[in-house]
Amino acid sequence: VQSVHLLQVDSVQRWMRDLKLMTECE
Amino acid sequence: RAAQGRAYGNLGNTQYLLGNFSEATAFHKERLAIAKEFGDRAAERRAYSNLGNAHIFLGRFDVSAEYYKKTLQLSRQLKDQAVEAQACYSLGNTYTLLQDFERAIEYHLKHLQIAQELRDRVGEGRACWSLGNAYVSLGNHEQALNFAKKHLEISQEIGDCN
């Protein structure tokens with residue numbers, strides 16, 4: 001139940017979507 | 001050797017963008033070792049961020065939290081408030097994934113404080129959004145409502161219809 005709940009945390013989902021394209025460049 | 005460090009960093013980033021997170025961590029660890037060898041704290045800080053990010057997608061949220069804490073520590077030493085805010089935001093989200101909502105709130109509040117100091121309304125809006133969700137998870141609906149209202153106000157101000 002908890003993991004289903006977590007998937008509904010929209011602010012975290014949004015952060016992870018942005019994170020996938022975020023790299024600290026040299 | 002210095003160029004080798006940069007090459008490792010670039011290889012890590014490329015593997016990351018390809019979705020190869022294990023390979024990315026291997027390259028970023030090499031990058032980290034060379035940054036330490038040279039005493040290059042900015043490069044060390046970048047490696048910690050990249051390692052934290054990659055471990056999120058490996059499902060190792062506990063490992064990410066430790067790397068993000070190193071990022072936070074170095075950002076303070078380097079007096080880089082924007083990076084400090086970003087590290088706090090990452091830690092808040094990571095502790096949400098770890099279901100430690102109290103700690104998530106601590107970091108999101110710190111992120112909010114820095115965003116306000118830097119007059120970063122987008123960051124402030126994201127912090128309020130995150131805090132609203134964290135307080136819902138804790139069952140504190142009154143605080144959740146306060147932050148949801150603040151999030152709405154900022155979203156309207158910056159024209160974020162989403």
Side-chain angles (χ1 to χ4, degrees), chain A, chain B residues 2-3 5-17 19 21 24 28 31 35 40 42-54 56-57 61 64 71 83 86 89-90 92-99 101 104 108 125-134 136-137 147 151 162:
Chain A
V1 174
Q2 277 296 341
S3 61
V4 172
H5 173 72
L6 273 178
L7 289 173
Q8 291 168 343
V9 180
D10 51 1
S11 55
V12 176
Q13 281 182 322
R14 172 60 200 267
W15 171 70
M16 286 179 75
R17 211 175 67 202
D18 292 342
L19 198 67
K20 219 162 206 169
L21 300 172
M22 201 155 68
T23 53
E24 296 267 357
C25 296
E26 292 295 331
Chain B
R6 291 191 294 275
Y8 275 129
N10 287 327
L11 281 162
N13 285 337
T14 308
Q15 291 288 9
Y16 180 88
L17 292 170
F21 302 111
H28 284 308
R31 205 290 164 255
D40 183 346
E44 190 181 338
R45 205 280 306 153
R46 289 195 300 271
Y48 287 136
S49 291
N50 286 323
L51 282 162
N53 296 346
I56 289 290
F57 298 105
F61 308 136
S64 290
T71 303
V83 171
Q86 201 192 335
Y89 183 49
S90 298
N93 285 306
T94 304
Y95 278 111
T96 302
L97 289 167
L98 286 166
Q99 304 189 44
F101 303 112
H108 282 310
R126 282 182 189 166
C128 291
W129 184 11
S130 307
L131 283 160
N133 285 336
V136 166
S137 299
F147 282 108
H151 180 215
N162 258 330

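Below, read A as the first sequence line, B as the second, and so on, with proteins coming before strands; counting in each chain starts at 1. Just the heavy atoms: all of them, side chains too, but no hydrogens, waters or symmetry mates, feed the values below.
Rounded to the nearest 0.5 angstrom, B/N10 CG and A/T23 OG1 are separated by 9.0 Å. Considering NE2 of B/H108 and OG of A/S11, their distance stands at 6.0 Å, rounded to 0.5 Å. In this structure, CD1 on B/I56 lies 4.0 Å from CH2 on A/W15, to the nearest 0.5 angstrom. Within the model, atoms CD of A/E26 and CG of B/N50 stand 8.0 Å from one another, a figure rounded to the nearest 0.5 Å.
Checking each of B/L97, B/N133, B/V136 against A/V9 for a side-chain contact (heavy atoms from CB on, under 4.5 Å) leaves exactly one that passes, namely B/N133.
Between chain A and the options B/G132, B/A134, B/S130, heavy-atom pairs under 4.5 Å are most frequent for B/S130. Of all the listed residues (B/N13, B/N53, B/T94, B/L17), the one sharing the greatest number of non-hydrogen pairs under 4.5 Å with chain A is B/N13. Contact count against chain A (heavy-atom pairs under 4.5 Å) is highest for B/W129 among B/Y89, B/W129, B/F21.
Listed here is the closest heavy atom pair of B/R126 and A/D18: NH2-OD2, 4.2 Å.
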Exercise for the section: With side-chain contact (heavy atoms from CB on, under 4.5 Å) as the test, would you mind laying out the steps for A/E24 and B/R31 before giving the verdict? Expected result: CA-CA 12 Å; A/E24 296 267 357; B/R31 205 290 164 255; over 6 Å; no
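Two residues are said to be in side-chain contact when any heavy atoms from C-beta on lie closer than 4.5 Å; B/F57 and A/M16 meet this criterion.
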